[in-house]
Amino acid sequence: NHAQKFGALDLVLGGQVFKDDGYRLGEYEERIRGNVGLRYSFKKIAGLQTAVKVNTQKALGSLFFIWANDTAGALLPLGGTDTATTTLSQYETKRTYVDNEWTYLTAKGAMHKLRGRYYYTGNKNNTNQEAFGHVYFAEYQFQKKVTSWLTTTAGLLHQYNKVTSQLYGNHTSRNVAGYVQADATYKRFNFSLGGRVEWNKIDTVTSDATPVFRAGLNYKVANGTNIRASYGQGYRFPSIAEKFVQTEVSSIVIFPNDSLTSEKGWSAEWGLQQAFAISNWKAYADVALFVNRYTNMMEFTFGIYGPPAPPLFGAGFQSQNIGNTLIKGIDFTLAGQGNIGMLPLQVLAGYTFIDPTYTDFDAAHDTLYNSSTKNILKYRYQHMFKSDVQLSIKKFSVGFSTRYFSFMENIDKPFELLIPGVQHYRKNNHQGDWIVDARIAYAFDKNVSVAFITKNIFNNVYVSRPADVQPVRTFTLQLVLKY
């Protein structure tokens, strides 16, 4: 990466070359990327700037989808590497976007911003699932500091998508939206109130113009003590992929659903942040309670969607409106820094608990193809913990990071029946997963440093989804040079 100024012109250049042989048989990734950015400030028109950014990337690789089994075959693809039987997918992808932005700051404190983007995606593979997409995006935004305590923002945007695909078919979609927001600061209060109206279309299917609103409040109770509350509505029109995807891998078949309807919802949060100092330690604690409510939630669901013909007799997965759901939870964060003797120590830790449920739970219907009979949504971790601790010793630093994910209690039951090893793995690994990383670094000066990093130091075997083992223990030697 390189950045340099030439008078009124700012230049940013960047590039990356990446090659990874993977940790599973047949899996690899190679990519090359380049980017350039220009920003120019007009001398004869005070407050006017324009910027252009271009980023392009090409990648080649092989995608690992399903293991052979959970023991000796955990790092081997189902079907082996023979092209006639393998579940590996060879791919070539291209990504390019071009951004242009114009910003004008008036003498009276108003800001006009006009930005546009063209984004191209090309996905080729050896499984007859190629897809090519073009995205055209434009937005105008106006912001005005009305008084010393009130700022308003408003905007209009338009996005047009065109997809040519063996995987989805050929489709177009459009999104048009307008929004307005006011932010105010009064004494110890910070307020935010906004609204948005949007309209969507896929091919000839359109949605009604749908308004959503959001509001937020922060109150400074005392120095170091803040309380907050927020409420926001959400609306999601089905994507082209969700409505039209049609594919299969091994014994797993995905069916399209062109009758899928929009998902709506709202979320609310109440939080408290408290800063404190003990001796030479400075820290803060943050706790938040949150609620998410969804109507006609969309989720890929197992069922009988195809013709009753062998070998699967119409069984597979399809994006469905699964009904109304409620997700409640609590999030806690603790961060601080201080000294142990003369040695600086930094600590960051966080814990999240969620309770994801159906609001109109029908055990006979909602758990028909589930691995659990409880009222809990699929593919959720209910308990998550993360921490990072770093100790500095002169020019050395030593750090440990820890992640914990509880057992994913509910998945699609057919995965346990159709994929070798999934049922056995879940039966023997239901206590959750701890992953620990470690690092040691030495800084020669502010511009040169070297680090040795070990990820998954205990070589724990864990999955992020059924039949997908995550990276084994990895060693990295890192050299950083700045000039």
Side-chain angles (χ1 to χ4, degrees), residues 1 3 14 16 18 188 190 216 218-228 230 269-290 329-354 381-406 431-460 462 464 470-483:
N1 292 284
Q16 181 192 61
F18 179 85
R188 296 188 175 191
N190 287 326
N218 187 89
Y219 176 64
K220 184 177 180 179
V221 179
N223 287 334
T225 305
N226 290 271
I227 58 175
R228 66 184 184 276
S230 64
E269 178 183 299
W270 302 267
L272 168 67
Q273 186 176 100
Q274 177 65 57
F276 53 90
I278 302 175
S279 183
N280 60 9
W281 281 83
K282 295 181 180 179
Y284 76 85
D286 187 286
V287 61
L289 302 173
F290 57 87
I330 184 171
D331 183 83
F332 179 76
T333 302
L334 177 66
Q337 58 183 21
N339 292 336
I340 296 181
M342 299 296 291
L343 304 179
L345 181 69
Q346 296 176 312
V347 178
L348 176 64
Y351 167 74
T352 302
F353 167 77
I354 62 170
Y381 299 111
Q382 287 196 274
H383 302 271
M384 292 171 285
F385 172 81
K386 293 183 179 182
S387 70
D388 189 273
V389 178
Q390 179 168 299
L391 180 68
S392 299
I393 308 171
K394 295 184 178 179
K395 292 186 176 184
F396 284 95
S397 64
V398 179
F400 293 89
S401 64
T402 303
R403 292 163 285 154
Y404 171 76
F405 304 96
S406 62
Q431 302 300 320
D433 295 296
W434 288 93
I435 303 97
V436 180
D437 305 333
R439 62 189 182 272
I440 182 170
Y442 180 82
F444 294 93
D445 53 42
K446 64 179 182 180
N447 295 320
V448 182
S449 63
V450 64
F452 183 71
I453 304 165
T454 306
K455 294 187 176 181
N456 194 5
I457 190 172
F458 297 114
N459 208 25
N460 187 25
Y462 66 105
S464 61
Q470 293 303 286
V472 295
R473 181 166 49 220
T474 304
F475 303 100
T476 302
L477 180 63
Q478 182 186 74
L479 174 66
V480 179
L481 305 175
K482 299 179 181 179
Y483 65 93

Tyr483 side chain near Asn447 side chain, heavy-atom distance below 4.5 Å: no

Shortest non-hydrogen contact between Gly336 and Ala283, atoms and distance: CA-CB, 3.6 Å

Donor-acceptor contact below 3.5 Å, side chain Asn460 vs main chain Trp434: yes

Side chain to side chain contact (heavy atoms under 4.5 Å, CB included) assessment of Val398 paired with Val389: CA-CA 8 Å; Val398 179; Val389 178; over 6 Å; no

Heavy-atom side-chain proximity of Phe458 to Arg473 below 4.5 angstrom: no

Short side-chain to backbone donor-acceptor contact, Lys395 and Phe444, under 3.5 Å: yes

Sequence neighbours excluded - salt bridge (Lys or Arg N to Asp or Glu O under 4.0 Å) pairs with any residue from residues 436-451: Asp388-Arg439, Arg403-Asp437

Residues forming a side chain to side chain contact (heavy atoms under 4.5 Å, CB included) with Asn280, sequence neighbours excluded: Asn339

Residues that Phe400 engages under ring pair (Phe, Tyr, Trp, His ring centres under 6.0 Å), provided they are two or more places apart: none

Interatomic spacing from CG in Leu289 to CZ in Phe353 - rounded to 0.5 Å: 11.5 Å

Nearest-0.5 Å distance, CZ of residue Phe405 to CG of residue Asp433: 8.5 Å

Side-chain donor or acceptor of Gln382 paired with backbone N/O of Ile354 under 3.5 Å: yes

Interatomic distance, Gln274 atom CD to Asp286 atom CG [nearest 0.5 angstrom]: 10.5 Å

Side chain proximity check, Val287 to Ile330, heavy atoms < 4.5 angstrom: yes

Shortest non-hydrogen contact from Ser449 toward Ala443: CB-CA, 4.0 Å

Within-4.5 Å side-chain heavy-atom neighbours: Tyr381 and Thr352: no

Closest non-hydrogen atom pair between Asn456 and Pro471, with its separation: ND2-O, 3.1 Å

From Ser397 atom OG to Tyr442 atom OH, the distance as rounded to the nearest 0.5 Å: 11.5 Å

Atom of Arg228, atom of Ala288 and distance for their closest heavy-atom approach: NH2-CB, 3.7 Å

Any side-chain heavy-atom pair of Gln273 and Asn218 under 4.5 Å: no

Minimum heavy-atom distance between Ala285 and Leu334, given as atom pair plus value: CB-CD1, 4.2 Å

Interatomic distance, Lys386 atom NZ to Thr402 atom OG1 [nearest 0.5 angstrom]: 12.0 Å

Distance (rounded to the nearest 0.5 Å) between Asp331 CG and Tyr351 OH: 10.0 Å

Sub-4.5 Å side-chain heavy-atom contact between Val436 and Thr454: no

For Ser464 against Gln470, the heavy-atom pair lying closest together: OG-NE2, 3.0 Å

Thr333 side chain reached by Leu348 side chain, heavy atoms, under 4.5 Å: yes

